[in-house]
Amino acid sequence: MAIDIGKHKKKVSDSKPNINLVPFIDILFTIMIFLVVTSNFSATDVQTDDSSVVDDATGKPNVTDVSGDAEYYVMPVANLHKVTVNGQDRSDAIAGSSVGVQARVIDEGQVTIKPGEIVINTPPGISVDMAVKRPEV
């Protein structure tokens, strides 16, 4: 009995691959159900540090409640490259993308944080040199 290889090659080359997606979808839903059943979605009480308390009206940290004996607070800003105090450039006070700002300036002055930049307007009686300080990294 002779085997016709040419006919078999033609039959294999003419057929398109058939991919069955049903088992894939079944496995995907099984994994998804497993993750939903084993996950914990309950809300937990997280103890926040008092330094993260923010005054809702101004968006500033409520420093008077938690200030202790700290005179300057480090303000980190991603890719910080410019600090302006009362219109004067104080970029020399930047260390590690952060700058130290005096507590009274945060409470009574105006601090505007923009991408890569901090603009500070000090309250009366605080000099430009006292408003910001280079943090020790």
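Here the structure is a predicted model, which means the values were calculated and not measured. For the numbers below, each heavy atom of this structure counts, side chains included, while hydrogens, waters and symmetry mates do not.
- At a threshold of 4.5 Å between non-hydrogen side-chain atoms, the residues Ser98 and Pro135 count as touching.
- Val74 is not connected to Ile113 by any chain of hydrophobic side-chain contacts under 4.5 Å among Ile, Leu, Val, Met, Phe, Trp and Tyr, and they are in different clusters.
- Considering CD of Gln102 and OH of Tyr72, their distance stands at 4.5 Å, rounded to 0.5 Å.
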- Message: If you apply the rule side chain to side chain contact (heavy atoms under 4.5 Å, CB included), what do you find for Arg134 with Val99, and how did you get there?
- Response: CA-CA 6 Å; Arg134 184 178 182 90; Val99 66; over 6 Å; no
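- Taking CZ of Arg104 as the reference point, atom CD of Glu71 lies at 11.0 Å (rounded to 0.5 Å).
- The side chain to side chain donor-acceptor pair (under 3.5 Å) check on Ser91 picks up Asp89, with sequence neighbours excluded.
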- Derivation of the side chain to side chain contact (heavy atoms under 4.5 Å, CB included) call for Tyr73 and Ile106: CA-CA 9 Å; Tyr73 289 89; Ile106 295 174; 3.9 Å; yes
Would you mind writing out the side-chain donor-acceptor pairs for residues 117-131 within the sub-3.5 Å range, not counting sequence neighbours?
residue, atom, partner, partner atom, Å
Thr122, OG1, Asn86, ND2, 2.7
Thr122, OG1, Ile126, O, 3.4
Ser127, OG, Met130, N, 3.2
Asp129, OD1, Arg90, NH1, 3.4

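- Within 6.0 Å of CG in Asp92 there are more than 12 heavy atoms belonging to other residues, nucleotides or ligands.
- For the pair Met75 and Val111, the minimum side-chain heavy-atom distance is below 4.5 Å.
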For residues 20-32, run the donor-acceptor check on the side chains, cut-off 3.5 Å, and write out each pair with its distance to 0.1 Å, sequence neighbours left out.
residue, atom, partner, partner atom, Å
Asn20, OD1, Val22, N, 3.3
Thr30, OG1, Asp26, O, 2.7

